[in-house]
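Nothing fancy with the numbering, it's 1 onward along the sequence. All heavy atoms count here, side chains included; hydrogens, waters and symmetry mates do not.
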Amino acid sequence: MRVVGQNDKRWAGWRAPGGVRIGLAALTLATLASGCGQHDAAEVRPAGGQQPLEAPPARALDSYATKLRAAHAARVAAAKRWGLKRVPLTAPPPPARKPAITTRAGFEVDGHRRLGLPPVFTTVPTREKVVFLTIDDGAEKDPALLRMMSELRVPYSAFLSDYLAKEDYGYFRRMRNQGAGLHNHTLHHPYLPDLSYARQKDEICGMQDVLEKRYGKRPVLFRPPFGNYDGNTLRAAKACGITHVPLWNEEVFVDRWEYREWDRELRRGDIVLSHFRGREDWKGTMPDMIRRFLDKVTAEGYAVGRLEDYL
């Protein structure tokens, strides 16, 4: 059976079990105000079957603009407080139609399409200049990460393994309540291709049960430990209700980036991996990693999107 593995230094660092766009808003408000001023000169008639359009009250426009300015000011203050070089860019709205996700070339297993197995991918097809942040396992539970991401309003997705998450389920409940997606990374973080189909299914479905019990929802996203899988992995994942298997195109640490592509460039729709780690494993903290991540993507003109909005 074909095994698909990732060049991700399989055992390194693994613990064994045990800005709001004010310009656009201002332009919109100016356009509305201009349209209201011209209403006496020429009546604009609605299309057949439509009700006449009424401009929102000036007070409502002023209130909206005030909220935008306040949100932007808060984001600027948070960026300064957390030591960012630039204010993170605001992601575009979620796509009206979600893109078709297919398995990346070379990442297929035997019978992948015929069996309708979940797609394995490293990038989401999109024309928007967005990337997606994903964080794996659950070892480090730094309260500063929750504060930082909440204040900066940056979305991210967590892929959890129960042997680490169970140390503090409440931490990840707070994370979920702040908007992060919680997804499946197996119960015990094994090297799945070494296991039988039945044992792989136990690892994946067992984690589905934990996530449903603790957080009220069975996720549809799954990431195999170390990025390694075979046909049995994907068949088991499908049987457990998994619809997508996102891997990654880059990995960010506190002191460096690593890349899958030879040109070491970010691309639209790239999925970025990191891990829940602290000073015991890294030369820094979770906020240090987030700072390195945001400084680079913002400098290159990328916003951080919510992965779940595109799948």
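- There is a side-chain donor-acceptor pair under 3.5 Å between His112 and Thr103.
- For the residue pair Arg174/Asn177, the side-chain donor-acceptor check at 3.5 Å is not satisfied.
- Side-chain N or O atoms of Gln208 include none that pairs as donor or acceptor with a backbone N or O of Gly241 at under 3.5 Å.
- Seen from the ring of Phe159, Arg223 counts as a face-on cation partner, given the 6.0 Å and 45° thresholds.
- For Thr233 and Gln200, the side-chain atoms include at least one donor-acceptor pair closer than 3.5 Å.
- With a 6.0 Å cutoff to the six-membered ring centre and a 45° limit on the axis angle, Arg256 counts as a cation-pi contact of Phe253.
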Taking it one step at a time, do Thr285 and Val254 satisfy side chain to side chain contact (heavy atoms under 4.5 Å, CB included)?
CA-CA 7 Å; Thr285 64; Val254 296; over 6 Å; no
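- A side-chain donor-acceptor contact under 3.5 Å links Lys141 to the backbone of Gly138.
- Between Leu294 and Leu152, some side-chain heavy-atom pair lies under the 4.5 Å cut-off.
- Using a 4.0 Å cut-off between charged nitrogen and carboxylate oxygen, Lys217 and Glu212 do not count as a salt-bridge pair.
- In this structure, Val109 and Val4 have side chains that are in contact, with non-hydrogen atoms separated by less than 4.5 Å.
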Let's go through Ile271 and Thr123 carefully: what are the C-alpha distance in whole Å and the side-chain angles of both, what is the deciding distance for side chain to side chain contact (heavy atoms under 4.5 Å, CB included) to 0.1 Å, and is it a yes or a no?
CA-CA 6 Å; Ile271 300 170; Thr123 298; 5.9 Å; no
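- With a 6.0 Å radius and a threshold of 12 heavy atoms from other residues, nucleotides or ligands, Lys201 has its NZ atom at or below the threshold.
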Under the criterion side-chain hydrogen bond (donor to acceptor under 3.5 Å, both in side chains), I'd like the reasoning laid out for Tyr169 against Asp162: C-alpha separation, chi angles, the key distance, then a yes or no.
CA-CA 9 Å; Tyr169 287 127; Asp162 188 53; 2.5 Å; yes
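- In this structure, Leu68 and His72 have side chains that are not in contact, with every pair of non-hydrogen atoms separated by 4.5 Å or more.
- By the 4.0 Å N-to-carboxylate-O rule, Lys296 lies close enough to Glu300 to be salt-bridged with it.
- Residues Arg292 and Asp255 are not paired through a salt bridge, judged by the lack of any N-O separation under 4.0 Å between the basic side chain and the carboxylate.
- Side-chain contact between Pro99 and Val124 is present, with at least one heavy-atom pair separated by less than 4.5 Å.
- For the residue pair Thr126 / Arg268, no side-chain donor-acceptor distance below 3.5 Å is found, with atom types taken as modelled.
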Assess the residue pair Thr122 and Arg104 against the criterion (side-chain hydrogen bond (donor to acceptor under 3.5 Å, both in side chains)); give the C-alpha distance rounded to whole Å, side-chain angles, the decisive distance to 0.1 Å, and a yes or no.
CA-CA 7 Å; Thr122 62; Arg104 177 172 173 155; 2.8 Å; yes
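- Between Pro125 and Ala100, the closest heavy-atom pair is CG-O, 3.5 Å.
- With contacts defined as side-chain heavy-atom distances shorter than 4.5 Å, the pair Thr186/Phe222 qualifies.
- The aromatic rings of His244 and Phe121 stand perpendicular to each other, their planes meeting at an angle above 60°, with 30° marking the opposite boundary.
- For the residue pair Glu251 / Trp257, no side-chain donor-acceptor distance below 3.5 Å is found, with atom types taken as modelled.
- Residue Pro219 comes nearest to Ile242 through the heavy atom pair O-CD1, 3.8 Å, listed as atom of the first residue, atom of the second, then distance.
- Put simply, the side chain of Leu195 reaches to within 4.5 Å of the side chain of Pro190, judged on heavy atoms.
- Interatomic distance, Leu115 CG to Asp110 CG, rounded to the nearest 0.5 Å: 9.5 Å.
- Leu84 and Met286 end up in the same hydrophobic cluster when Ile, Leu, Val, Met, Phe, Trp and Tyr side chains are linked at under 4.5 Å.
- No single ILVMFWY cluster, assembled from side-chain heavy atoms under 4.5 Å apart, contains both Val245 and Tyr197.
- Side-chain atoms of Asp270 come within 3.5 Å of backbone atoms of Arg267 as a donor-acceptor pair (strictly under, hydrogens ignored).
- No option in Asp136, Leu133, Leu247 other than Asp136 meets the side-chain contact (heavy atoms from CB on, under 4.5 Å) test with Leu273.
- A cation-pi geometry, defined here as NZ or CZ lying under 6.0 Å from the six-membered ring centre and within 45° of its normal, holds between Arg260 and Trp248.
- Between the Arg75 side chain and the Leu89 main chain, a donor and an acceptor come within less than 3.5 Å of each other.
- Using modelled atom types, no side-chain atom of Asp202 and backbone atom of Arg199 make a donor-acceptor pair closer than 3.5 Å.
- Centroid-to-centroid, the aromatic rings of Phe293 and Tyr302 stay 6.0 Å apart or farther.
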Could you go through the side chain to side chain contact (heavy atoms under 4.5 Å, CB included) check for Asp137 and Arg277 one step at a time?
CA-CA 9 Å; Asp137 66 40; Arg277 295 288 185 271; 2.6 Å; yes
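- Remark: aromatic rings of Tyr310 and Phe132 are close, center separation under 6.0 Å.
- A side-chain N or O of His183 and one of Glu308 form a donor-acceptor pair less than 3.5 Å apart.
- Atom CD1 of residue Ile290 and atom CG of residue Asp142 lie 10.5 Å apart, to the nearest 0.5 angstrom.
- Judged by distance alone, the side chain of Glu258 and the main-chain N or O of Val252 form no donor-acceptor pair under 3.5 Å.
- For Ser161 (side chain) and His185 (main-chain N/O), a donor-acceptor pair under 3.5 Å exists by modelled atom type.
- A 4.5 Å side-chain heavy-atom check between Glu265 and Tyr259 finds every atom pair outside the cut-off.
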Verify side chain to side chain contact (heavy atoms under 4.5 Å, CB included) between Phe172 and Leu160, making sure each step is shown before the conclusion.
CA-CA 9 Å; Phe172 299 103; Leu160 302 180; 3.6 Å; yes
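- A heavy-atom distance below 4.5 Å is not found between the side chains of Val3 and Tyr229.
- Here the CD atom belonging to Glu140 is positioned 7.0 Å from the CD atom belonging to Glu280, to the nearest 0.5 angstrom.
- A distance of 6.5 Å separates CG in Asp309 from NZ in Lys98, rounded to the nearest 0.5 Å.
- Within the model, atoms CD1 of Ile204 and CG of Leu192 stand 6.0 Å from one another, a figure rounded to the nearest 0.5 Å.
- Formation of a donor-acceptor pair under 3.5 Å by the Ser157 side chain with backbone atoms of Thr134 is not found in this model.
- Atom-to-atom distance recorded for Leu182:CG and Met175:CE is 7.0 Å, nearest 0.5 angstrom.
- Remark: side-chain polar atoms of Arg173 are not paired, donor with acceptor, to backbone N or O of Tyr215 under 3.5 angstrom.
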